[in-house]
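Note that the coordinates shown come from a computational prediction; the quantities given were computed from them, not determined experimentally. Ligands are counted one by one from 1 in listed order, and the atoms in each one are counted from 1 as well.
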Amino acid sequence: MMETWLVGTGLTSEIGQALLSRLGPTCRVLAISRQPAVDPTHHLTWIPGDLANTRELWLERLVNELKSRQVAQVTGVVHAAGVVFADRVTATTQDEIDRTLTVNLRAGLRLLQGLSPWLKSGSSVVLVSSVDARMQSIDGPAAIYGAAKAGLEGLARQLAAEWGESGVRVNAVAPGVIASGMGPQAGLTERITRQVALGRLGNPEEVADAIKFLLSPQSSYITGTVIRVDGGLNLRY
Ligand SMILES: NC(=O)c1ccc[n+]([C@@H]2O[C@H](COP(=O)([O-])OP(=O)(O)OC[C@H]3O[C@@H](n4cnc5c(N)ncnc54)[C@H](OP(=O)(O)O)[C@@H]3O)[C@@H](O)[C@H]2O)c1
C-alpha cells in the first residue's frame, strides 16, 4: 500500500494522541512540538520546535526532513498546537499576546506557506480552532485567543479558495469544551454542561474523529468550512 505523510503540530496533546491512534499503518508522521512526540506505530519522526519563537528553525528542520526522505506529497496537515492565557485584555501582557497569536495563528500560516510545495491534489489541511472564534468564551475572558482562532478560520476559508483549483482542501475544526488540556477550569464543569445540548463535555477522541474525517477522502467535497464539535453548546439560548 502507498505511504501517506501527515505533518502535525499539537500532536502531543490528548486530541493529537487520539488522532495518531486513529491513523492507518501506512501513514508516516512528522510532528513538531517542544517535548518529544512518540508514536511507534506510525513511524513518527519528532521535529523539535517552539512555535512561539519566531527565530526558531523548526520549519527549516521540517523541510530538510521532507527533502532528505524524498517525500513527494504531504497528504495531511494538522495544526493543533494552541495556547491560551484566559484573562481580560487589560490584564494580558505583551508577551502573552505575542505567544497566543504566534502559536495559534502565525505558526499555522508559516507551516502552510512552507509546506505549499508539498501540498498537491488530494492533500487536506485541518486547522484546530475553537468555538471561542465565534462566541464569548464560556469559562472567562479570552479575547486574544478568540481573535487568533477567528484568524485561523479566516485562513482556512481564504486558503480553501486559493488552493481549491489545485485540489488541496483546507478546513477547520472548532471544539467546544473538551475534557482535556485546555478543558474547563476546576469547578466550572457543571455550569458549562448545563449549556451543552448533549449535557456533557466532549472528549479528545470525538475531536480526533472529526479531524480524521476531514483528512480522509470521505470528505473529498468539503473545503473552506468549520466543523463545530461542541455537543450543541448554547443551542438552548
Ligand atoms: N481542550 C479544549 O477544551 C479545547 C477547546 C477548543 C479548542 N481546543 C484546541 O485544541 C488544541 C489542543 O488543545 P488541548 O486542550 O489538547 O491543549 P494542550 O493539552 O494544552 O495541548 C497544547 C498542544 O499545543 C502544543 N504547543 C503549545 N505551545 C507550543 C509551542 N510554543 N510550540 C510548540 N507546540 C506548542 C503542545 O505541544 P508541546 O507542549 O509538546 O510542545 C500541545 O501539543 C488547541 O489548538 C486548542 O486551542 C481545545
Within a reach of under 6.0 Å around CD of E162, are more than 12 heavy atoms found that belong to other residues, nucleotides or ligands? yes

Should the heavy atoms of other residues, nucleotides or ligands under 6.0 Å from CD of E65 be counted, would the total exceed 12?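 Atom CD in E65 is packed in, count exceeds 12.
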
Please say yes or no: joined through hydrophobic side-chain contacts below 4.5 Å, possibly via intermediate residues, are L152 and L214 part of one cluster? no

I'd like to know if I15 and V173 are part of one continuous hydrophobic network [Ile/Leu/Val/Met/Phe/Trp/Tyr, side-chain heavy atoms within less than 4.5 Å].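 Yes; tracing contacts between hydrophobic side chains, which count when under 4.5 Å, links both residues.
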
Do any nitrogen or oxygen atoms of [X] lie less than 3.5 angstrom from nitrogen or oxygen atoms of ligand 1?
| X | value |
| --- | --- |
| G82 | yes |
| N104 | no |
| S130 | no |

Protein contact to [atom] [nearest heavy atom, distance to 0.1 Å]:
| atom | value |
| --- | --- |
| atom 10 (O) of ligand 1 | V128 CG1, 3.5 Å |
| atom 2 (C) of ligand 1 | I178 CB, 3.7 Å |
| atom 16 (O) of ligand 1 | S13 CB, 3.3 Å |
| atom 11 (C) of ligand 1 | A80 O, 3.1 Å |
| atom 14 (P) of ligand 1 | M182 N, 3.8 Å |
| atom 28 (N) of ligand 1 | R34 NH2, 3.2 Å |

Just to be sure I read this right, does ligand 1 sit under 4.0 Å from the backbone of A174, its side chain, both, or neither, counting only heavy atoms?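 It is neither; nothing of A174 touches ligand 1.
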
Is it the side chain, the backbone, both or neither of L51 that has a heavy atom closer than 4.0 Å to ligand 1? both

Looking only at non-hydrogen atoms, which of T100, D50, T12, I138 approaches atom 43 (O) of ligand 1 most closely?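 Heavy atom nearest to atom 43 (O) of ligand 1 belongs to T12.
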
Does NZ or CZ of R69 fall inside the cone over W5's six-membered ring, less than 6.0 Å from its centre and within 45° of the axis? no

